[in-house]
Every structure is written in C-alpha cells, then in structure tokens.
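Comments concern the structure below.
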Amino acid sequence: MLDPKLLRGDLEAVAQQLARRGFSLDVDGLTALESRRRELQTRTEELQGERNTRSKAIGKAKANGEDIQPLLDEVSDLGDRLDAAKQALMDAQAEWDDAVSGIPNLPHDSVPEGESEDDNVELHRVGTPRDFDFDVLDHVDLGRKSGYLDFDLAVKLTGARFAVMRGPVARLHRALAQFMLDTQTLAHGYEECYVPYIVNRDSLRGTGQLPKFGEDLFRLDDEREFHLIPTGEVPLTNFVRDEIVEADALPMKLTAHTPCFRSEAGSHGKDTRGMIRQHQFDKVEMVQIVEPEHSYAALEDMRGHAEALLQALDLPYRVVTLCTGDMGASAAKTYDLEVWLPSQETYREISSVSNCEDFQARRMQARYRKPEAKKPQLVHTLNGSGLAVGRCLLAVLENHQQADGSVTIPEPLRGYMGGAASIAL
RNA sequence: GGAGGGAUGGCAGAGUGGUUGAUUGCACCGGUCUUGAAAACCGGCGUAGGUUUGUAGCCUACCCAGGGUUCGAAUCCCUGUCCCUCCGCCA
C-alpha cells in the first residue's frame, strides 16, 4: 500500500509514476472521495465532541445533586445524528480503502519501462548451454522410463498438476533443498526457519495476496479463513508484522524451505506438461528486513545469493530486470533468474528477487526504532527464491543428462546423495 | 474434548460506569550535579486522523477484535481471537 499522505498530496505525480507500469490512477475520483471523506470526518468529530462535553456536564451536575433530566432531554436526538454521521463516514472510508488497496507500488527509477515480459531487460548471462550429441529428453520423458517421476500416478492420487517422485529423483529433490538451505544459512548468513504452511488472513493481507489476489490461493474449509501459503515469503515477511524492532536487529535475514500451493497454476493452459507449473512445489525462500537506505544494496546481495546456487550446480542461466509492466503489485524492482532448459531451448524463471521497499511494511505496520529518531520508521522488505526446488530439479535432470540415460550429479549435491556421482534413470 | 483464569502505552503492572489517554515502576530522551561516569534530583516520553503555513496549538479516535447497553464504557453484556493453569487425548 502506498503512503496515504502521498495520495492526499501530489496525486498527479503519483499517477505519472503509476502510468509507467500501465496502471491508470483515477485522480478525479480519488480526489472527490477524499474531500467527501474529510468533510464527513469533520462533521462526525464535531458531533462526538458535543456529546462528550454534554456528557461531562451531566456527570458534574449529577455529582452536585442537581436535577439532570433537562440536560438529558437536550441530548435526546444527538445519538441518532451521531450514528448517522458515523455510518456515512464508515461508508466513505470503506470506499477509499477499496480504491487505495488496488493501487500497486511505485516502480523504482531504474526499472525499465515496458508492457510485458517481452520488454524485460537482460542483465547478464552466466554459463553456456551444452552442445548435446544425442537427442535430449525433457524431464517428463527422462522420468517416465524408470517411473521415478510419475505424473499419471499423481493424477490418480489427486488430479492434474501434481507430481510423484520416487527413488533417486525424490532423493535428488531433497538433496537440492538441503543444499540450498545449507548454502543460504552457512555461506550467506540467513537464519533457518521452520514456519506454518497455513496462514491467516492478516498475514496474506500484509504481503499483498489479499484482498486482490485471493483466487490464486487454496483456502481451507474453515471459518477462520485459513489459506495454504503460496510462497514462504508470506510467513517469513509477516514475522515483523505489527512489530517495532530495534535498529540493531536489522538486517534480519530469514530463510525457510517450504511447500508452496497455488490454485491458479495452469488455469490458462500454460505449461501443461511436466512439473514446470504445479499446484504444489517446494521452494527455499529468502527474506530480508532492512533499513530503507540499505534495501537496494540488499537486493543486489540477494540476487547474488540466488545466482551462487545456479553457478554451483553448473546450470546456465540469465538474469533479467523485470519491466514496469511485468512486476508484481508489491514490488518496486524485481530481478528474475532464468535457467536454461535444453528441451525447450529457452530460459525459464527459477527465481524472482524483489525489493518491496515500504509497500508491504506499511500494510503490516512493520517498523524499527532508530536510536536518534523519536518516531518508529517503516522497514523495507525484500524477498527472493533461492531457489524453486522443483524447477531446479528438472533443470538438473535436463542439463546434466547423458546419452546412456543417466544424469550426472553436480559436485555440491553428491554429499547429500550418499556420494553418488550420477543416477541411472 | 472438559473446567477455570487472563489480554491495559517499548516492557512490567494499577485501575469495575462520570474531566482517566489512563496511577506507578523500568527502559528511553533532555537538564542539574560530577574531572568523566554512576547514583540522586527535575522535566519529558504512545499511535493514528482532522484542522492549520506549521514536527506549535486545538479537536477526534484508540485500554485484544467486533457488536450491544447508556446522556456517558478501559470498567457492564454478547460474540470471536489469542495466551495461561488443571484434567483427558495424542505424534
């Protein structure tokens, strides 16, 4: 959510910045709404003030043993007028909140302008796609022969867009997650966390999934409005919701390996084959809570933390800066890491690293106290995948496949695989 | 699943219908004292919104959340959430 002061002040400037990301701000509507809201608030507060002074007078008169009936008669209709004013104010406020909650974050100046992913700007490429002297298989065909990767079985157990992994593939999946988690904690200084995979409404509101994007979530049949997490970002970032942390507690660097559940996956018929797009997938998430002046340095660091994993796994990838039109609503700037998939002969997203500045912090009321400042200040929040485990698994399978149907295990994973240098599929 | 007790400012903890936004202590900030520090003493110290040129003043709201009673609610009633204790059950 944007700073309400910004929205009450220079709306035109805000509208211009939002136009960069293809969002057209209803300046006139908001202005009218705000002036009406303000008027109603003033009226309500006047009535409240009147009620308070009269009630105090009644209390005083009663204490002096005077007859208070005449005073009571005077205030008889005040309550009704006050109720009406309050109701009107609440309606106007709700209308304003509704309008404001749909406004995305302002893009950072360095974000390239564009409408879609076609306009994203490549930052750099690392690694060279292999030249295969045999016909490459995609992960579906690779896994089918042995049955170690079984989508048909998942259909029977649940339905479309789930996967069953068995044997060495299941172990490789676990090895990847362990390797990522160990790298983030031991090499990059993140604190390992175990978090709930079910969260409440307030948490989803804090990170921005609600109220606008509820249809992307799996919701439990429970009156408490519990939802399965769509990403570890939700529980981790909400650590600081409604908190005032001391400055020396920052930066807070958190990581967790969690499953992620997404209801929308595949609703548009994209990536129907294989485990690119699933309702359930695992991810190691990085979250940083930082002081505002350090958030862009932290963004570069986090991108590096994600890139280090791909380099260690010897996977070719590229980094793109998302253009204004392709960013999520909460982000001010986002890098995507895209890994090379030989079967598709293209780069596919495997990590997304974003600086949300104070957009989420404001929704969450997440603040910190600087010793020299009297008022608590909003923190900046960043999140990034480090990495998506499922997509990483298929990238390893496809990139490191051999002519004999085996897959070479990247060196850093071998310790997690009982020393195996390759697996036979 | 059953029975009880709680939720108040950064923290601890008073307050059961009438100038109580709220006693007090700790923490924090400023000052006096001191060579310096500590101690002691004095003062300050919540958040949000409105009004305003104004981080001044004034006004309004907020004592877990949402409803209700009342001229008036931190205080009484209802619902919900969370925490604690005991019993049962369970990984």
Side-chain angles (χ1 to χ4, degrees), chain A residues 1-10 30-101 194-206 210-211 220 222-227 235 238-250 252 289 358 361-379:
Chain A
M1 138 186 203
L2 294 180
D3 188 350
K5 289 200 180 76
L6 216 55
L7 294 170
R8 295 197 175 95
D10 197 356
L30 277 177
T31 307
L33 214 54
E34 169 59 9
S35 75
R36 191 156 64 85
R37 190 201 62 78
R38 200 176 306 200
E39 196 179 301
L40 287 168
Q41 178 172 343
T42 308
R43 177 145 43 98
T44 304
E45 290 185 352
E46 278 169 8
L47 287 170
Q48 279 172 329
E50 189 180 345
R51 182 202 60 194
N52 290 348
T53 49
R54 285 180 184 268
S55 290
K56 275 175 187 167
I58 291 173
K60 230 180 235 174
K62 202 174 172 188
N64 293 337
E66 296 168 19
D67 178 18
I68 59 169
Q69 192 54 46
L71 292 172
L72 289 181
D73 293 342
E74 278 179 35
V75 295
S76 58
D77 70 325
L78 193 58
D80 291 338
R81 286 196 286 147
L82 183 55
D83 283 347
K86 268 187 190 167
Q87 189 56 52
L89 176 59
M90 274 167 58
D91 291 347
Q93 185 69 51
E95 218 176 314
W96 167 264
D97 289 344
D98 199 48
V100 167
S101 72
Y194 173 85
V195 296
Y197 304 151
I198 296 172
V199 292
N200 61 32
R201 212 185 151 74
D202 287 341
S203 294
L204 289 161
R205 208 197 320 267
L210 290 178
L220 272 57
D222 184 298
E223 66 280 3
R224 288 172 291 191
E225 299 198 59
F226 284 166
H227 293 76
N238 274 280
F239 274 26
V240 290
R241 171 157 54 84
D242 294 323
E243 298 290 336
I244 301 173
V245 301
E246 297 301 328
D248 59 16
L250 303 178
M252 207 180 276
I289 314 292
D358 63 11
R362 186 170 297 104
R363 297 171 83 108
M364 293 193 297
Q365 279 305 297
R367 293 167 295 173
Y368 77 106
R369 200 184 298 279
K370 249 186 173 165
E372 63 271 24
K374 55 255 166 256
K375 282 200 168 200
Q377 254 188 77
L378 293 170
V379 297

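Chain naming here is simple, since letters A, B, ... match the order of the sequence lines and numbering starts at 1 in each. All values below were derived from every heavy atom in this structure, side-chain atoms included, with hydrogens, water molecules and symmetry-related copies excluded.
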Pick the P atom in U34(B) and in G49(B), then give their distance to the nearest Å. 45 Å
For A7(B), the Watson-Crick or wobble counterpart (both distances under 3.5 Å): U81(B)
Complement of A56(B), any strand, by Watson-Crick or G-U distances under 3.5 angstrom: none
What distance, rounded to whole Å, do you find between the two C1' atoms, one in C87(B) and one in A22(B)? 39 Å
Nearest-Å distance for atom pair NZ/P, residues K5(A) and A48(B): 7 Å
Give me the distance, rounded to whole Å, that separates U23(B) from C84(B) when you measure between the C1' atoms they each carry. 26 Å
Checking salt bridge (Lys or Arg N to Asp or Glu O under 4.0 Å) for the pair R36(A)/E39(A): CA distance, chi angles, key distance, verdict? CA-CA 5 Å; R36(A) 191 156 64 85; E39(A) 196 179 301; over 6 Å; no
My understanding is that only residues two or more places apart in sequence, or in another chain, count here; which of them pass salt bridge (Lys or Arg N to Asp or Glu O under 4.0 Å) with E45(A)? none
To the nearest angstrom, the CG-P distance between L78(A) and U70(B) comes to 15 Å
Mind checking the C1' distance from C28(B) to G10(B)? Whole angstroms is fine. 9 Å
Name the nucleic acid region contacted by R37(A), choosing base, sugar-phosphate or nothing; use a 4.0 angstrom heavy-atom cut-off, strictly under. sugar-phosphate
So do N238(A) and V199(A) actually touch side chain to side chain, heavy atoms under 4.5 Å? no
C1' gap between C71(B) and C64(B), integer Å: 28 Å
Between atom CD in Q377(A) and atom P in U47(B), what is the gap in whole Å? 13 Å
Any side-chain heavy-atom pair from F239(A) and V195(A) closer than 4.5 angstrom? yes
Using atom CD1 of I244(A) as one end and atom P of C11(B) as the other, report the distance to the nearest whole Å. 8 Å
Which nucleotide, if any, forms a Watson-Crick or G-U wobble pair with C90(B), using both distances under 3.5 Å? none
With heavy atoms under 4.0 Å as the rule, sort R38(A) into base, sugar-phosphate or nothing. sugar-phosphate
Using the C1' atoms only, state how far A39(B) lies from G80(B), rounded to an integer number of Å. 50 Å
So, do L78(A) and L47(A) sit near enough that their side-chain heavy atoms are less than 4.5 Å apart? yes
Assigned partner base of U47(B), Watson-Crick or wobble definition, under 3.5 Å: A61(B)
Could you give the distance separating C11(B) and A65(B) at their P atoms, to the nearest angstrom? 14 Å
Taking pairing as Watson-Crick or G-U wobble with both contacts under 3.5 Å, can you name the mate of C41(B), or confirm there isn't one? G31(B)
Compare all side-chain heavy atoms of R51(A) with those of V75(A) and state whether any distance is below 4.5 angstrom. no
Rounded to the nearest 0.5 Å, what's the gap from CZ on R205(A) to CZ on R363(A)? Could you check? 8.5 Å
Provide the Watson-Crick or G-U wobble partner of A14(B), both distances under 3.5 Å; none if there is no partner. none
Could you run through nucleotides 56-62 of chain B and give me one letter per nucleotide, 5' to 3': B if any protein heavy atom sits under 4.0 Å from the base, S if only the sugar-phosphate is that close, - if neither? ---BBS-
What integer distance in Å separates I58(A):CD1 from U19(B):C1'? 14 Å
E243(A) has an atom CD; how far is it from atom C1' of C64(B), in whole Å? 14 Å
Is there a donor on the side chain of K62(A) or the base of G18(B) sitting less than 3.5 Å from an acceptor on the other? yes
State, yes or no, whether a side-chain contact exists between K86(A) and Q48(A) at a heavy-atom distance under 4.5 Å. yes
